[in-house]
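Atom set for the values below is all heavy atoms of this structure, side chains included, hydrogens, waters and symmetry mates excluded. Computed from a predicted model, the values in this text were never measured in an experiment.
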Amino acid sequence: MFNEFKSIKKLCYTVLGVTLLLFIISCEDDHDHDEEHTDAEGFILESSSGTQVYKEFKGTQTGSVTLTSGETLELTVHFLGDDGKELEHDEHEGEEEGELKVSGFNSSIATVEVEEEHEMALEIKGVSAGSTSFKLELMHDGHADYTSTNNVPITVK
């Protein structure tokens with residue numbers, strides 16, 4: 001009976017050791033656990049004059065992008081934290097924290113291009129009268145840290 005107890009005890013330690021070893025190995029991968037991701041809850045699109053054109057925060061949207069055919073708008077993008085305040089955009093070792101991606105717009109009505117020369121910005125050009133919209137994503141290491149809950153509406157007059 002005592003030998004059976006020792007065998008069971010040894011088996012338990014072996015199983016525990018193998019489980020612990022597998023756990024440790026599974027945490028040793030190629031990504032950096034200290035790497036920070038943007039934890040945004042929304043964003044603001046702001047004109048060059050500082051006027052808020054559009055805001056999305058926790059799924060609620062206000063405003064829209066309106067322009068005339070042939071007009072070009074340059075809008076800066078400011079991501080918002082859980083408290084609704086603007087998140088600071090950091091640079092790590094010369095690399096930007098993330099990059100913007102836009103999709104889903106009808107290019108026969110308006111084009112939306114990302115401009116990231118000095119800060120996160122969009123250039124929207126009115127092509128012809130109508131309505132369209134676009135999805136905004138903040139990309140980081142091949143995946144989206146943030147995706148707009150609603151498509152941003154654009155009206156071209």
Quick one: does any side-chain atom of Thr132 pair with a main-chain N or O of Ile154 as donor and acceptor, under 3.5 Å?
no
Okay, side chain of Asn150, backbone of Gly59: is any donor-acceptor separation there less than 3.5 Å?
yes
Got a donor-acceptor contact below 3.5 angstrom from the Gln52 side chain to the Ile44 backbone?
no
Residue pair His78 / Thr76: nearest heavy atoms and the distance that separates them:
NE2-OG1, 2.9 Å
Taking the inter-plane angle between the rings of Tyr146 and Phe79 on a 0 to 90° scale, is it parallel (under 30°), tilted (30 to 60°) or perpendicular (over 60°)?
perpendicular
Test: Lys125 and Glu123 ion pair at under 4.0 Å
yes
Lys85 NZ: over 12 foreign heavy atoms closer than 6.0 Å:
no
Could you report the tightest heavy-atom contact between Val156 and Val127, atom names first, then the distance?
CG1-N, 4.3 Å
Closest contact, heavy atoms only, Ser108 versus Ser128:
O-OG, 2.6 Å
Please round to the nearest 0.5 Å and tell me the distance separating atom CD of Glu113 and atom CD of Glu74.
10.5 Å
Ile124 and side-chain contact (heavy atoms from CB on, under 4.5 Å): which partner among Leu67, Val53, Val102?
Leu67
Is the closest side-chain heavy-atom distance between Phe43 and Leu138 below 4.5 Å?
no
